[in-house]
Amino acid sequence: MRKEDLIKFWVNSSDMDFKTMQNMFKSKDYHWSLFIGHLVIEKLLKALFVKANGVNVAVPKIHDLLSLANRANLVLTEEQQDILDEITSFNINARYQDYKLSFYKRCTPKYSNEQKKKIEEIRLWLKKQI
C-alpha cells in the first residue's frame, strides 16, 4: 500500500468515527461519545505516524495518544499534551468495568461538551498537520 493511501485510510476512518461521536453526543450517550472521540484522535495520529515514518514501519498498536504523537514527531504545547493525556483516559475509563461507573457519572452534559470541544479542536489541528 502506498503511503498516501494508508494516510487516507486512517483519515477516512477517523472521519467516520467523528460522525459517530457526534451522533452519540446528540443521543446523550456522553461516555461512549468521548470514547469514540478518543478513536477519532488516535486514528489521525496514526495517519501522522505514517506520514512521518512511511509504510515500512508498522503503525504502533497502542492507544496512548501522547505516545503516538511523539512517535509521529509532533511538536506539542504543554496544553496539547495535557489534552491528549485526558482524551487517552476516555479509552480506559469507558472500556474497563472498574472505571466505567465513575466515568459515566463524570460525563455530565457540561463536562462532556467541554471535552467534545477539546476533541474537535485537536482534531482540526491534527488534520492541518496531515
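Start at 1 with the first residue, then count along the sequence. These numbers come from the heavy atoms of this one structure, side chains and all, not from hydrogens, waters or symmetry mates.
Side-chain contacts under 4.5 Å among hydrophobic residues (ILVMFWY), followed directly or transitively, place Leu124 with no other residue at all. With a 4.5 Å cut-off between side-chain heavy atoms of Ile, Leu, Val, Met, Phe, Trp and Tyr, the cluster of Phe25 takes in Tyr30.
When side chains are defined from C-beta on, Ile119 counts as touching Leu34, because their heavy atoms get closer than 4.5 Å. In this structure, the side chains of His63 and Thr88 stay at 4.5 Å or more apart for every pair of heavy atoms. Looking at Leu45 and Leu74, their side chains come closer than 4.5 Å, going by heavy atoms from C-beta outward.
For the atom pair CD of Glu42 and CG of Asp64, the computed distance is 9.5 Å after rounding to the nearest 0.5 Å. In this structure, the separation between NZ on Lys46 and OG on Ser14 is 11.5 Å, given to the nearest 0.5 Å. Ile87 contributes atom CD1, which lies 8.0 Å from atom NZ of Lys118 (distance to the nearest 0.5 angstrom). Once rounded to the nearest 0.5 Å, the distance linking NZ of Lys28 with OG of Ser112 reads 12.0 Å.
When all heavy atoms are compared, the tightest approach of Gly37 to Met21 is CA-SD, 3.4 Å. Considering all non-hydrogen atoms of both residues, Phe49 and Val57 come closest at CZ-CG1, 3.6 Å. Nearest heavy-atom pair across Trp125 and Val75 is CH2-O, 3.9 Å.
In this structure, the side chain to side chain contact (heavy atoms under 4.5 Å, CB included) partners of Asn73, at least two apart in sequence or on a different chain, are Ala52. For Lys51, there are no salt bridge (Lys or Arg N to Asp or Glu O under 4.0 Å) partners at least two apart in sequence or on another chain. Qualifying salt bridge (Lys or Arg N to Asp or Glu O under 4.0 Å) partners for Glu121, counting only residues two or more places apart in sequence or in other chains: none. Considering only residues two or more places apart in sequence or on other chains, Lys127 meets the salt bridge (Lys or Arg N to Asp or Glu O under 4.0 Å) condition with Asp15. Annotation: side-chain hydrogen bond (donor to acceptor under 3.5 Å, both in side chains) contacts of Lys43 (sequence neighbours excluded): Ser13, Asp17. Among residues two or more places apart in sequence or in another chain, the side chain to side chain contact (heavy atoms under 4.5 Å, CB included) test is passed with Lys3 by Ile7, Val50, Val55. Residues passing the side chain to side chain contact (heavy atoms under 4.5 Å, CB included) test with Asp5, sequence neighbours excluded: Met1, Arg2. Taking Ser27 as the reference, Asp29 meet the side-chain hydrogen bond (donor to acceptor under 3.5 Å, both in side chains) condition, with sequence neighbours excluded. With sequence neighbours excluded, the residues satisfying salt bridge (Lys or Arg N to Asp or Glu O under 4.0 Å) with Lys110 are Glu114.
A continuous path of hydrophobic side-chain contacts links Leu66 to Ile62 [ILVMFWY only; heavy atoms under 4.5 Å]. Criterion: ILVMFWY side-chain heavy atoms under 4.5 Å apart, direct or through other members. Under it, Ile130 and Trp10 are part of a common hydrophobic cluster.
Side-chain atoms of Asn113 do not come within 3.5 Å of backbone N or O of Pro109 as any donor-acceptor pair. Checked by atom type and distance alone, the side chain of Asn91 never pairs as donor or acceptor with a backbone atom of Leu65 at under 3.5 Å.
Residue Lys116 places its NZ atom among more than 12 non-hydrogen atoms of other residues, nucleotides or ligands, all under 6.0 Å distant.
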Report all side-chain donor-acceptor pairs from residues 78-85 shorter than 3.5 Å, counting only partners two or more places apart or in another chain.
| from | atom 1 | to | atom 2 | distance (Å) |
| --- | --- | --- | --- | --- |
| Gln80 | OE1 | Thr77 | N | 2.9 |
| Gln80 | OE1 | Thr77 | OG1 | 3.4 |
| Gln81 | NE2 | Leu76 | O | 3.4 |

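Residues Phe90 and His38 keep their aromatic ring centres 6.0 Å or farther apart.
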